[in-house]
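Accompanying notes for the structure given below.
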Amino acid sequence: MDDAPFSLDDGEDFRSNNDAIPEHAARVAMLGELMASIAHEVSQPLAAVLANANASLRWLDRSEPDPEEAKAAIQRIMREATRASEIINSARQFAMKGTPTRTAFDVNRMIDESIDITRRQAATLGVSLTARLMPGLPPLVADRTQIQQVIINLVVNAAQAMAGQSGRRAIELSTGRDGDDLIIEVRDTGPGVGPHPDRIFEAFFTTKPNGMGMGLSVSRSIIRAHGGEINAHAGALGGTVFRIAVPVTEPTCED
Ligand SMILES: Nc1ncnc2c1ncn2[C@@H]1O[C@H](COP(=O)(O)OP(=O)(O)OP(=O)(O)O)[C@@H](O)[C@H]1O
Ligand SMILES: [Mg+2]
């Protein structure tokens, strides 16, 4: 009983001395993952910039150039370049503060916009994209850019998983509510994720020849930093369902 305070003090010293090193190591490890995640997330809009730049050159090089089509492609270039810089900004802020930058936004609009961004890529792979959005959802208070990155990662994965498949190739995005959680689901008609649906979330796990295996690992970090969870399970009619649950924190008075 006598030495209880003594050992408590001792314990505290021990902990604070030792914490400094793992904390530094954890930060270095985190920066490594951050680099890999920025490389992964920015490569998608960059690929879109290149594809659209090529498209606009082709429209202008025709025997009868079509400036309107070229202009539309240039506008897509601007949108994708803006998105790339937003991704870098939000990753930088996250690295500095350790927490996401939160604003209140309409999840359904963010989903519609994500479909807009991925539609062309999905169409190239013969994949249809549809949405089933619940009206009247409360705004989500979260880092919009990051949550959108997660949705885009899931859609791109689903489209890639179905590329070349002979059956129906469809992706459906849906929103809903479960108690205090806002739910976003991305379901596909692909081959499924097999008996170990959690392995795919490990960093560097990939079954693709040119994959980094970063998409789902980054996505899970983002959702967890928002106090939420993301999981995969088999769909009732086959395919895979990715389910994101993020707590809805009612926005405090913002004037
Ligand atoms: N919708 C899906 N259907 C089937 N398998 C999937 C699906 N989504 C992901 N996977 C599996 O999970 C693995 C990991 O996905 P993840 O996005 O983390 O990396 P990746 O897509 O392989 O590479 P990248 O770093 O380019 O995203 C994929 O290689 C694939 O095997
Ligand atoms: Mg991926």
Side-chain angles (χ1 to χ4, degrees), residues 35-92 105-133 143-175 184 186-190 206 208-216 218-219 222 242:
M35 293 269 296
S37 84
I38 292 178
H40 179 270
E41 301 307 296
V42 172
S43 66
Q44 208 259 341
L46 276 185
V49 164
L50 270 181
N52 282 298
N54 270 320
S56 73
L57 280 182
R58 277 198 310 273
W59 287 115
L60 295 174
D61 279 345
R62 287 175 151 211
S63 48
E64 276 177 53
D66 190 331
E68 281 311 310
E69 287 288 356
K71 198 168 149 191
I74 290 168
Q75 272 157 354
R76 288 192 295 273
I77 291 176
M78 289 173 68
R79 187 181 67 183
E80 294 293 336
T82 306
R83 201 159 67 80
S85 89
E86 281 168 2
I87 289 170
I88 291 170
N89 268 338
S90 99
R92 191 163 53 196
F105 64 90
D106 178 356
V107 175
N108 289 346
R109 274 187 59 187
M110 183 273 291
I111 298 275
D112 276 336
E113 203 182 288
S114 313
I115 291 180
D116 245 28
I117 291 170
T118 46
R119 178 159 277 135
R120 287 175 151 258
Q121 197 179 343
T124 322
L125 298 170
V127 174
S128 73
L129 273 175
T130 54
R132 195 162 43 88
L133 306 176
D143 186 318
R144 192 180 194 272
T145 306
Q146 289 190 349
I147 303 289
Q148 184 162 61
Q149 277 172 251
V150 174
I151 304 304
I152 291 172
N153 281 339
L154 296 180
V155 170
V156 170
N157 273 348
Q160 288 173 343
M162 293 185 287
Q165 149 183 316
S166 54
R168 187 166 159 254
R169 294 177 222 163
I171 301 173
E172 184 192 71
L173 291 95
S174 59
T175 52
I184 305 172
V186 179
R187 57 187 73 230
D188 64 47
T189 53
T206 183
K208 299 169 194 169
N210 298 314
M212 279 178 75
M214 281 307 292
L216 290 177
V218 169
S219 298
I222 289 174
F242 283 85

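Closest approach of Thr189 and Gln165 over heavy atoms only: O-NE2, 2.8 Å. Taking every heavy atom of both residues into account, Gln149 and Ser90 meet most closely at OE1-OG, 4.2 Å. Here the closest non-hydrogen pair linking Asp143 and Phe105 is C-CE2, 4.4 Å. Considering all non-hydrogen atoms of both residues, Pro67 and Leu60 come closest at CA-CD2, 4.4 Å. Across all non-hydrogen atoms, the minimal contact from Pro45 to Ile87 is CG-CD1, 4.1 Å. Gly215 approaches Asn153 most closely through the heavy-atom pair O-ND2, 3.4 Å.
Salt bridge present: Arg144 and Glu113 bring a charged side-chain N and a carboxylate O closer than 4.0 Å. With respect to Glu86 and Arg83, no salt bridge is recorded, no charged nitrogen being found less than 4.0 Å from a carboxylate O.
Within the 4.5 Å cutoff, the side chain of Asp116 has heavy atoms near those of the Arg79 side chain. With contacts defined as side-chain heavy-atom distances shorter than 4.5 Å, the pair Ile151/Met110 qualifies. Counting heavy atoms from C-beta on, the side chains of Ile171 and Val186 come closer than 4.5 Å.
We find the CE-OG1 distance between Met212 and Thr206 to be 10.0 Å, quoted to the nearest 0.5 Å. For the atom pair Leu57 CG and Ile74 CD1, the distance stands at 8.5 Å (nearest 0.5 Å). Annotation: the span from Gln146 atom CD to Ile222 atom CD1 amounts to 4.5 Å, rounded to 0.5 Å. Rounding to the nearest 0.5 Å places CD1 of Ile184 at 14.0 Å from CZ of Phe242. Remark: Arg168 CZ to Ser128 OG distance equals 6.0 Å, nearest 0.5 Å. Considering CG of Leu50 and OG of Ser43, their distance stands at 11.0 Å, rounded to 0.5 Å.
Side-chain contact annotation: Gln44 with Gln121, donor-acceptor N/O pair under 3.5 Å present. Side-chain atoms of Thr130 and Glu172 form no donor-acceptor pair, as typed in the model, at a separation below 3.5 Å.
When the options Ile111, Thr118, Ile115, Val150 are evaluated for a side-chain contact (heavy atoms from CB on, under 4.5 Å) with Val155, the one that passes is Thr118.
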Practice task
Would you sort out whether Met214 and Glu41 count as a side-chain contact (heavy atoms from CB on, under 4.5 Å), showing the intermediate values?
Solution key: CA-CA 9 Å; Met214 281 307 292; Glu41 301 307 296; 5.9 Å; no
Problem - Stepwise side-chain contact (heavy atoms from CB on, under 4.5 Å) test for Met162 and Asp188 - result: CA-CA 8 Å; Met162 293 185 287; Asp188 64 47; 3.9 Å; yes
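Arg169 places a side-chain N or O within 3.5 Å of a backbone atom of Leu125 that can act as its donor or acceptor partner.
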